[in-house]
Amino acid sequence: MTLIRSGLLAASLIALSSGAAFADYELNILHINDLHSRIEAINKFDSTCSAEEEGKGECFGGVARLKAAIDAERQKLSGKNVLLLNAGDNFQGSLFYTTYKGAAEAEFLNLMKFDAMTVGNHEFDDSEDGLATFLDKVQFPVVTANVAAGASSKIGDRIKPFIVIEQGGQKIGIVGAVANDTEELSSPGPNVLIGDDVADITAAVAELKKEGVDKIVALTHVGYPRDLAAIAKIPDVDVVVGGHSHSFLSSTSDKAEGPYPTMVDNPGGYKVPVVQAGAYSKYLGNLKVVFDDAGVVKEATGAPILIDSSVKPDEAVLARIKELSGPIDELKNKIVAETAEPIDGSRETCRAAECAMGNLVADAILDRTKNQGMTVAITNGGGLRSSIDAGPVSMGEVLSVLPFQNTVATFQLKGADLVAALENGLSQIEEGAGRFPQVSGLKYAFDRSKPAGSRIVSVEVKEGDAFAPLDPNKTYGVASNNYLRAGGDGYAIFAKAAVNPYDFGPNLELVVADYLSAHRPYKPYTDGRITEAATGMAEGATETKPATAGEAAAPVDSGTASTEGAATAGNAGSGTTTTAEGAAAAGGRHVIARGDTLWDLAKAAYGDGTLWRRIAEANGNPRPRALHIGRELSIPAK
């Protein structure tokens, strides 16, 4: 424990010995994060739910359901200590934000009566101007310790480092923080400085302790991994309520990123509960914390509440949504194309592997700019905000995928700088960062086991109808979006090294809508343009394996792939790999050995590795990068 907590604990023991014991203190925290302007209900693809889906009971969230759920939980907790907290990123993600620039979000959040909010990086997407307008309208405190507004900033002093709330005779400190790289992720502008989350929270906690506050909640928008690794370990932080990584936490679901709450050991000798509630209004976090009389958490329990069709929307909010939607319905409902299958734009896939939505957007960018001499397109996986279901595609759906009003940017770049850009895109793959590069006109292989900055295994650029190795000294025509070209998501090399840049091309959502329309019905696909190298790959292997369903297949090019530390079937630690080549027969069965891939099995059975999906479908579509050694697979007949 810290000295302060030890002193409090000693004082409580003295009080107990004199017969004056204090009761435990219970605090209930309801919380949301990453609303991303999902004013209307969403479907399973995180896009706006249709009337037909609503009729089938297939919708989730939306502010009308969210308010109803909050009201219901407050009613259940009547007479108890309750806080409602918002962990940021309310902006950006639907036509409501595109049209009203935060005013609609402010109006509905006010109705829910939040006790505090921290800003997210997307709150700066329209610079400090957009955030200042939002701050003019909200009726609750906004706390972010590492946002420092300059004297000429329109934000003024309206973002506080912390606040103190009194509940049940006790003081609760709420201290906020936003991601340290917000200046890369968004556009706070020259009048707003983003400080260090840990240092600034630590300073705020010290001030709270001076005020006699011994129950402190860190309300953060820095991401679940950072909350676990750093925020929960700050001395005297008791609870962490987070956002930014869109993490779904649960102690019962196998789809969860971690337990709810996740308990972290603080150096002070106590455990800190860390929680987050997914994203897009689909869940309402519900945490009960019990403090002992020394202000130390002795118990933390709870679970996120799924806001599905069983939650009846608030009628008054629905009516207001309908009123606000009038000016945008015509644009939103305009059908611009059709797609033969769902287009996967999920966060889990597009920030870690080749995804169908990434291919669509990158292909559309390249198609629009090829007549300008562009041969390569790169876009960031984090810029893809939802999937699209099969059937007619509305402009509203396209805007749900691409809500940022980015423009197409073109420039020339040396091959070596292009590789550096790809390395940046892969540098935070473990964190699910949005900088992951989706591409067109090139293909690359990477090894995530290598240190950041040295993960690229091979890069090939399309020349005519074939691919050729990238030439580090050659200049390539590159197309992207204006956000990346300006250095966003860590792509500083685009800002520094681009030659003849032009950032004011057509709006990205219109380019994609036009491309979909020209290819109707569009058939989504992945083709192996992004592949992940397998540890222990045989020297000289050159096959490129396709990515599918969110899992990058392996192994891939090249002779430089490492075999260090790889145990192989029948020859552990020898440095050679036993594969399926020559071992699998069509119409038979095969027992998986170390080093097997579905590609190799298909090549052995059919002479064509591209038929690997036939084997996958016959065996329940196992994850290509997680084949279980010893499992028997059925190999369909030719």
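Sequential numbering from 1 along the given sequence is applied to the chain's residues. Basis for what follows: all heavy atoms, side chains included, without hydrogens, waters or symmetry-related copies.
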Query raised in the report: Can you check side chain to side chain contact (heavy atoms under 4.5 Å, CB included) on Met357 and Val401, steps first, answer last?
Result: CA-CA 9 Å; Met357 190 66 74; Val401 176; 3.8 Å; yes
Requested in this report: Only counting residues at least two apart or in another chain, list the ones meeting ring pair (Phe, Tyr, Trp, His ring centres under 6.0 Å) with Tyr476.
Outcome: none
Query - For Glu330, all residues meeting salt bridge (charged side-chain N to carboxylate O under 4.0 Å, His left out), sequence neighbours excluded - result: none
Query raised in the report: Using 4.0 Å as the upper bound for N to carboxylate O, is an ion pair formed by Glu128 and Arg158?
Result: no
Query - side-chain contact (heavy atoms from CB on, under 4.5 Å) partners of Ile321, counting only residues at least two apart - result: Ile39, Glu40, Val63, Ala64, Phe96, Phe108, Val317
Report summary line: Exactly one candidate in Asp126, Asp34, Thr98, Asp125 meets side-chain hydrogen bond (donor to acceptor under 3.5 Å, both in side chains) with Gln92; the answer is Asp125
Query - Leu442 CG to Leu422 CG distance, which is reported to the nearest 0.5 Å - result: 6.0 Å
Query raised in the report: So Tyr97 and His36, ring pair (Phe, Tyr, Trp, His ring centres under 6.0 Å) or not? Walk me through it.
Result: CA-CA 9 Å; Tyr97 181 77; His36 282 297; 9.8 Å; no
Query raised in the report: Does Glu430 pair with Arg455 as a salt bridge, N-O distance under 4.0 Å?
Result: yes
Report task. Taking the side chain as every heavy atom from C-beta outward, state whether Ser387 and Lys44 have any pair of such atoms under 4.5 Å apart. Result -> no
Report task. For the pair Lys255 and Glu348, find out whether any cationic side-chain nitrogen is under 4.0 Å from an anionic carboxylate oxygen. Result -> no
Query raised in the report: Donor-acceptor pair, Thr118 side chain versus Thr220 backbone, under 3.5 Å?
Result: no
**Report entry** salt bridge (charged side-chain N to carboxylate O under 4.0 Å, His left out) involving Asp503 - partner list, sequence neighbours excluded
**Finding:** Arg485
Query raised in the report: Which of these, His519, Arg529, Arg368, sits in a side-chain hydrogen bond (donor to acceptor under 3.5 Å, both in side chains) with Asp363?
Result: Arg529
**Report entry** Under 3.5 Å side-chain donor-acceptor pair for Glu354 and Asn359
**Finding:** yes
Query raised in the report: Distance-only, no hydrogens or angles: does the Ser153 side chain make a donor-acceptor pair with backbone N or O of Ile155 under 3.5 Å?
Result: yes
Report task. Before accepting this row, confirm whether a basic side-chain N of the pair Glu53/Lys56 lies closer than 4.0 Å to the acidic partner's carboxylate O. Result -> no
Show me the side-chain donor-acceptor pairs of residues 488-497 shorter than 3.5 Å, one per line, residues at least two apart or across chains.
residue : atom : partner : partner atom : Å
Asp489  : OD2  : Asn380  : ND2          : 3.1
Tyr491  : OH   : Arg435  : O            : 2.6

Query - Any residue meeting ring pair (Phe, Tyr, Trp, His ring centres under 6.0 Å) with Tyr483, in chain and number order, not counting sequence neighbours - result: none
